[in-house]
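One structure is given below, encoded as structure tokens.
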Protein chains: 2
Amino acid sequence: MRNLNAIPLSALRVIEAVARTGTLAAAAEELGVTAGALSQRLGKAEKALGQPLFLRASTGLSPTDACARIAPRLTSAFTELSGALDDLREEAESVLTITVAPIFASRWLIWRIGRFNECHPGVSVRLVPGVPLVDLDRSGHDAGIRVLPASAARPANAVKLLDQRVFPVMSPALARGVKVPEDLLRLPVIRENEGLQGWGPWWEGMGRVPPVMPAGPAYEDASLCLDAAMMGQGVFMAWETLACDALERGQVASPFPERIRTGSTYWFATRGASARKPALLEFRNWIQEEIDVSIRQWRGT
Amino acid sequence: MRNLNAIPLSALRVIEAVARTGTLAAAAEELGVTAGALSQRLGKAEKALGQPLFLRASTGLSPTDACARIAPRLTSAFTELSGALDDLREEAESVLTITVAPIFASRWLIWRIGRFNECHPGVSVRLVPGVPLVDLDRSGHDAGIRVLPASAARPANAVKLLDQRVFPVMSPALARGVKVPEDLLRLPVIRENEGLQGWGPWWEGMGRVPPVMPAGPAYEDASLCLDAAMMGQGVFMAWETLACDALERGQVASPFPERIRTGSTYWFATRGASARKPALLEFRNWIQEEIDVSIRQWRGT
DNA sequence: GACGGGGCTTTAGAAAAGCTAAATGCGAAA
DNA sequence: TTTCGCATTTAGCTTTTCTAAAGCCCCGTC
């Protein structure tokens with residue numbers, strides 16, 4: 001492979017094009033430069049290789065034996081390169097790579113993505129679950145869906161998908177004993193990573209001073225916490241996108257109709273270079289509609 | 001194929017090398033430039049393609065999905081290019097392309113070339129019969145064997161193979177009636193292209209004033225003339241390299257022992273760029289020896 | 001036999017690309 | 001924390017490559 005260092009690749013391209021088209025002029029047209037430039041490149045190539053590659057005839061250039069023998073291989077190699085490049089471009093157009101917080105992907109997005117595929121068969125969406133906020137312009141992702149607290153700066157190239165709202169969920173059996181918020185104090189609180197995310201805003205939203213609550217089991221991520229809630233292990237303060245489907249299916253119950261804003265926001269951030277991809281715009285539109293539908297549904301409006 | 005115009009081929013090479021080696025530093029070593037140069041090329045490539053191709057990790061660069069997908073194709077394409085180049089080089093070393101006057105090729109060289117092949121199995125000799133003197137430096141031939149009259153300029157990069165000598169030949173039956181040169185006047189003269197090449201110098205060399213001779217059949221080339229002589233159609237003034245084998249085999253007879261110089265010379269001319277090819281030197285040495293042997297033999301020394 | 005055209009080559013100057021070396025940044029391992 | 005490995009950036013310099021125009025050669029035409 002190192003022998004490619006000895007001769008500029010552009011020279012090989014000239015050899016290929018001239019061998020294929022038969023004239024310098026035609027090759028020049030194809031490569032988008034003047035014939036003079038090619039003549040020079042060719043001259044250099046022949047000098048570098050120590051042998052003439054084309055016989056100069058009045059009607060054009062005809063390859064020497066040796067050149068004719070390798071020309072098809074050059075053609076095939078460049079065709080391969082060209083094809084690979086095509087694929088790259090095509091894929092760039094038809095494939096969306098989207099980084100999503102796992103919680104959103106696992107409990108909401110992946111159950112709906114099939115519908116997008118049905119409507120847009122030419123587009124393939126790849127979800128990349130990932131917690132860390134990646135710099136989209138460097139990561140190779142076309143877009144990212146992330147939840148940011150109100151305190152965070154508005155991300156670049158981002159549109160708001162929805163305000164995050166929370167509410168307590170529990171198994172339907174437990175819910176039967178819960179009539180007023182204070183009833184919750186009798187239940188263990190299922191915590192994500194030992195934290196009590198969302199409880200403060202919720203009590204306040206309900207017009208109460210946040211009380212001390214009995215600690216229940218803790219799990220590593222919100223999805224596991226929701227499972228625990230389904231199983232009756234306690235009460236869990238759930239994000240709406242996390243719980244809406246479980247609520248719909250009756251796997252968990254929500255005793256109070258209030259949906260309290262935490263101040264966090266879902267953002268759909270687009271990579272600058274992908275901003276013009278039609279597939280990406282379609283996807284964003286689709287997800288916005290889908291969120292609308294989904295929320296309207298389960299909020300019971 | 002035109003899409004290759006949009007991005008420098010060297011950038012593709014960087015992509016390939018980095019994808020394969022995993023680090024910029026290793027790729028830089030392979031391509032023989034600094035890592036900084038590659039970083040720049042890569043940056044340009046990513047900009048040109050509108051998408052990042054590698055994720056920057058602290059341990060090196062890791063290709064994005066899309067890049068990983070095309071990388072093997074790039075590798076295969078460059079391997080193909082590299083292989084083609086190798087072949088070109090190898091062939092340049094092991095293949096000799098030699099342009100020869102057809103008369104010399106057909107009656108002398110091709111019957112002996114097999115011996116060269118036996119001694120030098122790695123070298124393959126291609127004879128390109130051709131009358132016109134080609135410019136070796138432009139024709140793609142490594143060497144040429146040509147006969148030039150004394151008046152011609154000594155060709156560049158040429159060594160003398162032998163002085164051309166001529167003598168009359170005829171069928172053994174006819175030869176029985178020929179004791180002195182004047183006996184030839186009773187025979188038809190077989191002519192090449194209506195000409196009487198060689199007769200003047202021969203008569204003079206024999207100490208005679210060139211007489212008028214009876215015209216016989218004419219043929220297009222000397223090889224056909226020799227055939228005619230074998231068949232008893234007359235007498236033919238043959239070049240020694242043309243007739244020596246036929247003489248050896250008794251197909252023609254030469255009544256006089258004198259071998260008269262015409263002043264023409266066989267040259268072995270080498271293309272400048274091929275002058276250092278070991279195979280070419282071997283061939284030249286071989287042909288010189290072969291000529292020595294052949295001439296010594298049939299001159300009966 | 002001059003003429004014209006197609007096609008390659010040459011030339012000079014200008015533009016662009018590419019390179020190097022060194023400074024910088026950034027994680028991870030020690 | 002320090003250090004180490006690796007990538008990136010910067011500035012300046014070299015080298016390459018390009019273009020446009022003129023030149024040359026061969027060939028067929030008028």
Side-chain angles (χ1 to χ4, degrees), chain A residues 2 4-49 52-64 67 130-135 137-140, chain B residues 2 4-49 52-64 67 132-135 137-140:
Chain A
R2 286 176 193 248
L4 290 180
N5 296 347
I7 182 174
L9 291 171
S10 60
L12 293 184
R13 181 118 195 271
V14 174
I15 295 170
E16 190 276 330
V18 174
R20 180 159 42 77
T21 63
T23 78
L24 210 48
E29 199 279 328
E30 177 172 325
L31 301 200
V33 293
T34 62
L38 294 200
S39 180
Q40 295 176 46
R41 297 221 292 232
L42 197 50
K44 259 179 218 166
E46 292 184 323
K47 200 164 156 194
L49 294 173
L53 297 167
F54 293 91
L55 306 179
R56 272 61 174 181
S58 67
T59 81
L61 302 178
S62 71
T64 62
C67 179
V131 176
L133 272 78
V134 295
D135 179 345
D137 286 322
R138 307 182 151 240
S139 68
Chain B
R2 288 179 190 245
L4 292 180
N5 296 346
I7 182 175
L9 291 171
S10 60
L12 293 184
R13 182 119 194 268
V14 175
I15 296 171
E16 190 277 330
V18 174
R20 180 159 43 78
T21 62
T23 78
L24 211 47
E29 197 280 327
E30 176 171 326
L31 301 201
V33 293
T34 63
L38 293 200
S39 181
Q40 295 175 43
R41 296 221 293 233
L42 198 50
K44 260 180 219 169
E46 293 183 323
K47 201 165 158 195
L49 294 172
L53 296 167
F54 293 90
L55 305 179
R56 272 64 173 180
S58 66
T59 81
L61 302 178
S62 71
T64 62
C67 180
L133 272 76
V134 295
D135 179 345
D137 286 322
R138 309 183 148 237
S139 68

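Note that the structure is a prediction, hence the values are computed from the model and not measured. Below, all heavy atoms of this structure are taken into account, side chains as well, without hydrogens, waters or symmetry copies.
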Interatomic distance where CG belongs to L24(B) and P belongs to dC26(C) [whole Å]: 17 Å

Taking only the side-chain heavy atoms of T23(B) (C-beta and beyond), determine which of dT17(D), dC8(C), dC6(D) contains the nearest atom. dC6(D)

Pair listing, salt bridge (Lys or Arg N to Asp or Glu O under 4.0 Å) test, anchored in residues 5-17 of chain A, at least two apart: E16(A)-R20(A)

Nearest 0.5 angstrom please: T23(B) OG1 to E29(B) CD, how far? 10.0 Å

When you look at T64(A) and E46(A), which way does the side chain to side chain contact (heavy atoms under 4.5 Å, CB included) test go after all the steps? CA-CA 11 Å; T64(A) 62; E46(A) 292 184 323; over 6 Å; no

Sorted by number, residues from residues 27-44 of chain A placing a heavy atom under 4.0 Å from DNA chain C are G36(A), S39(A), Q40(A)

Phosphate OP1/OP2 of dT8(D) contacted by R56(B) side-chain N/O (<4.0 Å): yes

Separation of atom NZ in K47(B) from atom P in dG18(C), rounded to whole Å: 14 Å

Gap between atoms CG and C1', on L61(B) and dG27(C) respectively (whole Å): 14 Å

Work out which heavy atom in T21(A) is nearest to a heavy atom in A27(A); give both atom names and the distance. OG1-N, 3.6 Å

Sugar-phosphate means primed atoms, P, OP1 and OP2; the rest is base. With that split, encode nucleotides 23-30 of chain D 5' to 3' as B, S or - using protein heavy atoms under 4.0 Å. ---SS---

In whole angstrom, what separates F54(B)'s CZ from dT8(D)'s C1'? 15 Å

Over how many whole Å does the gap from L55(A) atom CG to dG7(C) atom P extend? 18 Å

What distance do L38(B) atom CG and S10(B) atom OG have between them, rounded to the nearest 0.5 Å? 9.5 Å

I'd like to know if the side chain of N5(A) and the backbone of V33(B) have a donor-acceptor N/O pair within less than 3.5 Å. no

Decide side chain to side chain contact (heavy atoms under 4.5 Å, CB included) for L61(B) and L53(B); before the verdict, give the C-alpha distance in whole Å, the side-chain angles of both, and the deciding distance to 0.1 Å. CA-CA 9 Å; L61(B) 302 178; L53(B) 296 167; over 6 Å; no

DNA chain D: G22(B) or S10(A), which has the more 5' nearest nucleotide? G22(B)

In Å, rounded to the nearest 0.5 Å, how long is the span from CG of L24(B) to CG of L42(B)? 6.5 Å

Starting at CG of L9(A), measure out to CG of L4(B) and round the result to the nearest 0.5 Å. 11.0 Å

Given atom CD1 of I7(B) and atom P of dA16(C), what is their separation to the nearest angstrom? 19 Å

